[in-house]
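Each residue takes its place number in the sequence, starting with 1.
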Amino acid sequence: MTRLGALLGVVGFLAAVEFTSGILQGYYTPMLTDIARHLGIHDADVNWLEGTQLMLSALVVPAFAKLGDMVGHRRMLLVSTALTAAASLALPFADSFAVFLVAWTLQGFYVVWLPLEIALIWGRARAGGQPPSVTARAAGILVAALEAGAIVGALAGGALVDALPLQFVLVIPGVAVLACFFVILFGVPESPEVAGGRLDTVGLTFLSLALIAFTGGLSLLRLGGLGEPLAWAIVALGLALLVPFVLWELRHADPLVDVRLFRSAALWPVFLTAGLFGMSVLGAQAPLSTFARTDPAVAGYGLGTAGFATSLLIGVYLIAMIAGALSYSRAARILSPRLALVAAAGLVSAGFFLFLPFHDTYAQVVANMAVVGVGSGALVAALPATAAAAAPAGQTGVATGLTNSVKTVGGAIASCVFGIALATGATGVGTAGSLSGYVTVWVVCGGAALVAALALLAVPRDAFADHPSAAEAAAGRL
């Protein structure tokens with residue numbers, strides 16, 4: 001088998017893993033109300049499930065990405081899959097909300113899969129003399145598998161929970177993740193280059209405390225509003241803790257995160273784009289769903305869609321993401337990777353700004369979401385791949401992981417801002433948010449994507465090129 005054929009085989013196995021990741025992300029959504037009734041909790045408490053997984057993501061991705069560079073990306077992929085499988089299989093047997101919440105939180109280890117997979121593919125492609133565009137094409141396949149899994153998971157979850165006991169339905173994802181463990185064990189070889197070294201535990205402690213304080217303070221701001229002094233103090237503490245973290249990392253011989261990467265001419269626009277993109281891809285999906293469900297006869301705006309019509313809207317968005325993920329590598333060959341990234345961010349911006357004049361009919365919202373979806377799918381695939389292409393040797397895991405971590409922080413900030421915006425000036429009729437709040441969502445997401453597109457224009461023209469020397473030269477401008 002040729003080197004390219006062997007690499008494609010690895011991508012096939014990893015696509016099966018990402019398909020399962022998509023199932024996890026879509027499967028539980030239709031049954032959250034059933035889970036709340038099963039555990040005897042209020043619907044509002046379901047928000048804790050999303051919040052704790054986002055916090056875990058912010059904490060574990062930097063550590064697992066660094067460990068992947070140190071001891072092998074496949075090895076850390078196996079560890080994270082084993083933890084995800086154990087947590088998923090524990091969910092059906094959780095007899096209290098506290099136990100269920102712990103298991104649900106630990107299930108969130110799947111967030112490290114995609115960064116580790118991209119780093120693994122990049123390492124094998126580089127060792128085999130394959131160009132960076134191969135990694136971009138592979139990333140598109142993985143993201144397409146992820147979104148396809150999300151669609152299948154949502155459809156399967158909704159159908160099964162209506163026909164079978166909840167505990168049996170909850171077992172199925174755990175079995176799927178367990179199968180992924182063996183797919184990785186027997187089908188995926190280890191990265192050809194392992195950097196070695198020791199984990200920077202002091203840096204990890206500083207970063208963990210900073211992220212916990214920052215995201216926790218944002219959560220308190222969303223609950224208590226902008227006038228909550230304690231929440232602001234905790235947010236400020238989180239930002240202040242970044243100072244000793246950066247100073248420590250600059251002095252450390254083998255840092256958890258080489259903060260000099262943020263000065264790379266090729267990488268800082270990618271990281272900035274990831275954070276700005278996180279505002280829409282993680283922060284705006286719930287507001288878009290609630291806007292569609294809002295009854296215009298009551299609130300004066302919205303689409304008044306039922307659950308199935310809303311699911312179709314989300315399905316169009318996910319299908320558009322698949323199209324964007326699969327088309328990015330071709331667009332990169334035609335335009336250049338840099339301009340393809342700019343175009344993707346431009347589509348996200350245009351799609352959200354289209355909401356301002358066009359949000360009165362179902363067809364208008366579908367069209368807007370399709371535009372946003374194509375750009376979003378391309379960015380989800382491209383950001384970790386381009387970060388890997390521009391990263392110094394031995395730091396591909398860190399670079400791909402940073403795109404995920406920064407994206408999560410952007411999503412947390414947007415979730416706080418959007419929650420406050422929707423509550424401010426609400427109509428007081430039912431539980432609908434304010435129209436001005438939804439306008440804020442669209443303007444912030446559109447503006448953030450526009451800033452990202454402009455920042456990406458600062459990337460050197462030869463960055464992410466198919467000749468490794470050019471990409472490495474761009475990455476080396478620290």
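Residues E18 and I141 fail the side-chain proximity criterion, which asks for heavy atoms closer than 4.5 Å. Between L335 and V342 the shortest side-chain heavy-atom distance does not fall below 4.5 Å. L383 has its side chain out of reach of K407: every pair of non-hydrogen atoms, C-beta onward, lies at least 4.5 Å apart. Using a 4.5 Å heavy-atom threshold, the side chains of L114 and E117 count as touching. Two residues are said to be in side-chain contact when any heavy atoms from C-beta on lie closer than 4.5 Å; F418 and V444 meet this criterion. Within the 4.5 Å cutoff, no side-chain heavy atoms of L83 are placed close to those of L106. In this structure, M76 and V112 have side chains that are not in contact, with every pair of non-hydrogen atoms separated by 4.5 Å or more. At a threshold of 4.5 Å between non-hydrogen side-chain atoms, the residues T386 and L341 count as touching.
Atom CG in L272 sits 6.5 Å away from atom CH2 in W268 (nearest 0.5 Å). Once rounded to the nearest 0.5 Å, the distance linking CG of L237 with CG of L209 reads 8.5 Å. Within the model, atoms CG of L347 and OG of S376 stand 9.0 Å from one another, a figure rounded to the nearest 0.5 Å. To the nearest 0.5 Å, atom OG1 of residue T135 and atom CH2 of residue W122 are 5.5 Å apart. One distance of note links CG of L24 with SG of C180; it measures 8.0 Å at 0.5 Å rounding. Here the CZ atom belonging to F245 is positioned 9.0 Å from the CG atom belonging to L204, to the nearest 0.5 angstrom.
The aromatic ring centroids of F109 and F64 lie less than 6.0 Å from each other.
Counting all heavy atoms, side chain and backbone alike, D69 lies closest to G397 at OD1-N, 2.8 Å. Closest heavy-atom contact between A387 and T403: CB-CG2, 3.7 Å. Of all heavy-atom pairs spanning L116 and G68, the tightest one is CD2-CA, 4.2 Å. Residue A15 comes nearest to A145 through the heavy atom pair O-CB, 3.4 Å, listed as atom of the first residue, atom of the second, then distance. Between P269 and S264, the shortest heavy-atom contact is CD-O, 4.2 Å. Here the closest heavy-atom approach between residue M369 and residue L288 is recorded as SD-CD1, 3.5 Å.
A donor-acceptor pair is defined here as one N or O able to donate and one able to accept, closer than 3.5 Å; no such pair exists between the side chain of E228 and the backbone of L220. Between the R330 side chain and the R137 main chain, no donor and acceptor come within less than 3.5 Å of each other. With S336 contributing its side chain and A332 its backbone, the two residues share no donor-acceptor pair below 3.5 Å. Within the 3.5 Å criterion, the main-chain N or O of P115 finds a donor-acceptor partner in the side chain of T400. R124 places no side-chain N or O within donor-acceptor distance of the main-chain N or O of A119, the cut-off being under 3.5 Å. Looking only at distances, no side-chain donor or acceptor of S208 sits under 3.5 Å from a matching main-chain atom of T205. Remark: side-chain polar atoms of S327 are paired, donor with acceptor, to backbone N or O of A323 under 3.5 angstrom. At least one donor-acceptor pair closer than 3.5 Å links the side chain of E190 to the backbone N or O of R74.
Under the ring pair (Phe, Tyr, Trp, His ring centres under 6.0 Å) rule, F355 has a single partner from W442, Y438, F291, which is W442. Just one residue in the list D254, D258, D200 forms a salt bridge (Lys or Arg N to Asp or Glu O under 4.0 Å) with K66, and that residue is D254.
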Q: Please assess Y317 against E147 for the test side-chain hydrogen bond (donor to acceptor under 3.5 Å, both in side chains), listing each intermediate value before the final yes or no.
A: CA-CA 10 Å; Y317 171 71; E147 302 304 339; over 6 Å; no
Q: For the pair Y110 and S80, evaluate side-chain contact (heavy atoms from CB on, under 4.5 Å) and give the outcome as yes or no after the intermediate values.
A: CA-CA 7 Å; Y110 72 81; S80 61; over 6 Å; no
Q: May I have the step-by-step check of side-chain contact (heavy atoms from CB on, under 4.5 Å) for L267 and F271, ending in yes or no?
A: CA-CA 6 Å; L267 283 172; F271 295 145; 3.9 Å; yes
(Q) Is there a side-chain contact (heavy atoms from CB on, under 4.5 Å) between I334 and L339? Walk through the geometry before answering. (A) CA-CA 9 Å; I334 296 173; L339 291 180; over 6 Å; no
Q: Give the intermediate values and the outcome of side-chain contact (heavy atoms from CB on, under 4.5 Å) for residues I184 and F13.
A: CA-CA 7 Å; I184 299 167; F13 286 117; over 6 Å; no
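With hydrogens and angles left out, the side-chain atoms of Q107 and T84 include no donor and acceptor closer than 3.5 Å.
Taking the six-membered ring where the residue is Trp, F182 and F186 present parallel rings, their angle staying beneath 30° rather than reaching 60°.
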